[in-house]
Student: 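There's a structure below that I have some questions on.
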Number of protein chains: 2
Amino acid sequence: MTSSDRYGPTRMKDVASAAGVSMTTVSLVLNDKAVGIPAETKQRVLDAAAALGYRPNALAANLRTRTSDTIGFVSDTIATTPYAGAMIQGAQDAAWKAGKLILTINTNGDPAVEAYALNALLGRQVEGIVYAAMYHQMIEVPAAAKEVPLVLLDARSADSEIPSVVPDERGGAYEATSHLISHGHKRIGFLKNTASVPAANERLEGYREALEANAIAFDGELVVAGDSGLAGGYAAAMALLVEPHRPTGLFCFNDAMAAGAARAAHELNLRIPDDLSLVGFDNLELVAPFTNPPLTTMQLPHYEMGVWAVEQLINRIDGEDFSVFHQRMQCPLVERASVGPPPTRT
Amino acid sequence: MTSSDRYGPTRMKDVASAAGVSMTTVSLVLNDKAVGIPAETKQRVLDAAAALGYRPNALAANLRTRTSDTIGFVSDTIATTPYAGAMIQGAQDAAWKAGKLILTINTNGDPAVEAYALNALLGRQVEGIVYAAMYHQMIEVPAAAKEVPLVLLDARSADSEIPSVVPDERGGAYEATSHLISHGHKRIGFLKNTASVPAANERLEGYREALEANAIAFDGELVVAGDSGLAGGYAAAMALLVEPHRPTGLFCFNDAMAAGAARAAHELNLRIPDDLSLVGFDNLELVAPFTNPPLTTMQLPHYEMGVWAVEQLINRIDGEDFSVFHQRMQCPLVERASVGPPPTRT
DNA sequence: TCCGGTTGATAAATCGGTTTAGTGAATCGG
DNA sequence: CCGATTCACTAAACCGATTTATCAACCGGA
């Protein structure tokens, strides 16, 4: 019944002949560039397109316009962290708002895969690339990635020309420590982790700065390192809590360590928050709310970072904004029930 | 210095004139379809392509070949569950192996977004669509999605023509219960959740079947419902454990409820696993290993489901396999330390 | 009647590849 | 030595859109 008895989806040509106009007219109408086309013709085109169930072939349009409305999302690892979801969600929401789709690839940290992946993305004419790490780290970006606008997500590069967004670790640590101080704590321990990641050093700095700002002397003995899991937190906390002059508050590198600290406290018959106050970091959605008592902690702004990265990328794609090169995203405090005033006698 | 002094990336035409051959030859060589082309010419083309840093425009190739090497991944929600990562990872790995890229969109459950998203994907000529839910559920698939091969991931549809993969809830529950039975437990409770999702009913069935298979009478009083969080598990377990003839083993709808049950046990001074054995479900990566003691639980095979979905999709795209319509993926038991023999006197 | 300007539209080039249909020269069988 | 293959390669059509350049018809004014 259609004008051409061809197998396959309807093309613009089909719409054109159905409406009795040229392809040019159809294109103009469908893209709202129909400046001099009378409403009657316009409607005829629209009707024909609807009747035929016409769906433009984006590949063809993109080829001609040399665009793709697609951005690449390259990550080293997706599955092994619970943070990934929020970051991707943020990135997608921002992309969606700008009418762009996201091509995702995760490389599992394999440089060969990475090179191949970048080629695949660039071959598909992605307009920009978000390069995401699943925890705050320094990375080296392959040269190929720099062929299009590029933004680093939860990672930084030695190349300062590449915009990046990471959590404000120092600020978060500062606020966490200040939170304890504001409740009256003076002896505050820091459970740091042994790994040498940016987060570790910066959170320690934030802790120190908060003490300093409140005229509390930094005491190296109150900083104990452990591995960043529950066991490490348990061990580190235990070391501090058995001391006679033990701290009344603990700022922990992350929620897992905080959970370990809580376990140590339970074993020592210290009640939380009555005898010991605890602040974690990360706000793990399935951990922090469910410790006993629920853990006060700092939220890692993964969603917001994802949004920022894509927005920034799109600004660069549009050639609008090149000003901000390095964003530190604030980590908000999530108050639950693990912080209270210190016990009256220490 | 190049043959054409044009701005922009090098095209096949450039490679052709650099190598002194036609575009046809270049295309043939680069796509390994060069049947009758002598090695010398082939090498000249390869060298020219390398020298110019030629990267084929996939959009153009795809337009001509009417393919896209792209599949769409539509999900209702990504961020709010910790499972998403593994599913996406599985899907990506399988896609990657087949040389395809994944366009991801999440709709947040909004039907308008969904319709728009499907149009965007189909417009980009995706070869197939994976439709993923973030927990096992029944869904209705928009008609548009059926225009290309389609596979449901962690979801089922009333339309039995659509292949789907979901966890084998019943089998998992059967194995979990059997695990308790094999340790000698006879009075086994089931903490079910109140929501009416497929997982709930099927896990209850698996529990009953395991009892039956081992000649243990089903006792409705040992099944208590609670909300699917920690609080619900706590309340439900408490109700069972204060009874004089309390169960010695508990199969819990999920790990969060199991954690709640553990908390209830602690309060009642019941030791795990000496006084009470516990099996969870989901193997939440940040919960199950860190309860005290670590929780024996059933793993949801998200990665494997992701792989299966894409493999199945690709089979259908290639027109190879249309046989399997509904896959139930086994949930393996993850043994930790929360199950032991029942106490000698109950 | 002729001219300049607007209106409403279109033919054809183009994007960058793939693929079909050939072409001219060399080789081969008889 | 001649027709038939094979070899090595290419010109041109094509995929399905966008965009440029152009055109016919009409209108008002000189």
Side-chain angles (χ1 to χ4, degrees), chain A residues 2-4 6-45 48-49 52-69 119-120 122-125 127, chain B residues 2-4 6-45 48-49 52-69 119-120 122-125 127:
Chain A
T2 55
S3 52
S4 102
R6 189 190 73 106
Y7 171 77
T10 57
R11 299 148 304 166
M12 184 176 276
K13 191 189 290 188
D14 304 325
V15 176
S17 54
V21 297
S22 70
M23 284 177 62
T24 309
T25 303
V26 176
S27 175
L28 260 24
V29 169
L30 295 184
N31 291 304
D32 266 336
K33 290 179 185 162
V35 277
I37 294 175
E40 192 268 332
T41 307
K42 210 181 283 192
Q43 196 56 50
R44 228 169 54 239
V45 170
L52 296 176
Y54 172 65
R55 175 183 298 124
N57 182 326
L59 257 40
N62 288 336
L63 173 60
R64 177 66 232 249
T65 59
R66 296 154 155 287
T67 59
S68 69
D69 284 338
N119 249 306
L122 292 170
R124 278 179 169 73
Q125 316 302 113
E127 298 175 349
Chain B
T2 54
S3 53
S4 102
R6 188 190 73 106
Y7 171 79
T10 57
R11 300 147 303 165
M12 184 175 277
K13 191 189 289 188
D14 304 325
V15 177
S17 54
V21 297
S22 71
M23 283 178 63
T24 308
T25 303
V26 176
S27 175
L28 259 24
V29 169
L30 295 184
N31 291 304
D32 266 338
K33 289 178 187 162
V35 276
I37 293 176
E40 192 269 331
T41 307
K42 208 181 285 190
Q43 195 56 49
R44 227 169 55 237
V45 170
L52 296 176
Y54 172 64
R55 173 183 299 123
N57 182 326
L59 257 41
N62 289 334
L63 174 59
R64 176 65 231 246
T65 58
R66 297 154 156 286
T67 59
S68 68
D69 284 339
N119 249 305
L122 292 169
R124 279 179 168 72
Q125 314 302 114
E127 298 175 349

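The basis for the numbers below is simple: all heavy atoms, side chains too, and nothing from hydrogens, waters or symmetry mates. In what follows, every chain begins at residue 1, and chains take the letters A, B, ... in the order their sequences are listed.
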Student: Mind listing the closest non-hydrogen atom pair of Ala48(B) and Ala18(B) along with its distance?
Tutor: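 Residues Ala48(B) and Ala18(B), closest heavy atoms: CB-CB, 4.1 Å.
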Student: How long is the gap from CG on Asn62(B) to CD on Gln125(B), to the nearest 0.5 Å?
Tutor: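 Answer rounded to 0.5 Å: 9.0 Å.
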Student: Hey, which sits more toward the 5' end of DNA chain D by its nearest nucleotide, Ser22(B) or Thr65(B)?
Tutor: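 Taking each residue's closest nucleotide, the earlier one in sequence belongs to Ser22(B).
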Student: Which is the 5'-most and which the 3'-most nucleotide of DNA chain D that has an atom under 4.0 Å from a heavy atom of chain A?
Tutor: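 Contacts span dG16(D) to dT20(D), reading 5' to 3'.
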Student: With a strict under 4.0 Å distance from non-hydrogen atoms of chain A, what nucleotide opens and what nucleotide closes the contacted stretch of DNA chain C, reading 5' to 3'?
Tutor: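 Boundary nucleotides touching chain A, in 5' to 3' order, are dG8(C) to dG16(C).
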Student: Quick one: are Arg124(B) and Asp69(A) in side-chain contact, heavy atoms under 4.5 Å?
Tutor: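 Yes. Closest side-chain heavy atoms under 4.5 Å.
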Student: Let me confirm one number: the CG-OG1 distance from Asn57(A) to Thr10(A), rounded to the nearest 0.5 Å.
Tutor: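 It comes to 11.0 Å.
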Student: Within the side chain of Thr65(B), is there an N or O that forms a donor-acceptor pair under 3.5 Å with the backbone of Ala61(B)?
Tutor: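 Yes, Thr65(B) side chain to Ala61(B) backbone: donor-acceptor pair under 3.5 Å.
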Student: Looking at every non-hydrogen atom in both residues, tell me the closest pair between Ala49(B) and Leu30(B) and how far apart they are.
Tutor: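 Shortest heavy-atom contact: CB-CD2, 4.4 Å.
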Student: Look up atom CE in Met12(B) and atom OG1 in Thr25(B), then write down how far apart they are to the nearest 0.5 Å.
Tutor: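 OG1 of Thr25(B) is found 10.5 Å from CE of Met12(B).
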Student: Just how far is it from atom CZ of Arg64(A) to atom CG of Leu59(B), taken to the nearest 0.5 Å?
Tutor: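 Interatomic distance, Arg64(A) CZ to Leu59(B) CG, rounded to 0.5 Å: 14.0 Å.
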Student: Mind checking the CG-OG spacing from Leu63(B) to Ser68(B)? Nearest 0.5 Å is all I need.
Tutor: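 Spacing of CG (Leu63(B)) from OG (Ser68(B)) equals 11.5 Å.
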Student: Compare all side-chain heavy atoms of Lys42(A) with those of Val45(A) and state whether any distance is below 4.5 angstrom.
Tutor: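 When only atoms from C-beta onward are counted, Val45(A) and Lys42(A) do not touch, as no gap falls below 4.5 Å.
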Student: Over the length of the helix from dT1(C)-dA30(D) to dG30(C)-dC1(D), how much do the five-pair end axes diverge, rounded to 10 degrees?
Tutor: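 Comparing the first five pairs with the last five, the axes sit 60° apart.
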Student: Quick one: label Asn31(A) by what it contacts on the DNA or RNA (base, sugar-phosphate, nothing), any heavy atom closer than 4.0 Å.
Tutor: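 Sugar-phosphate only.
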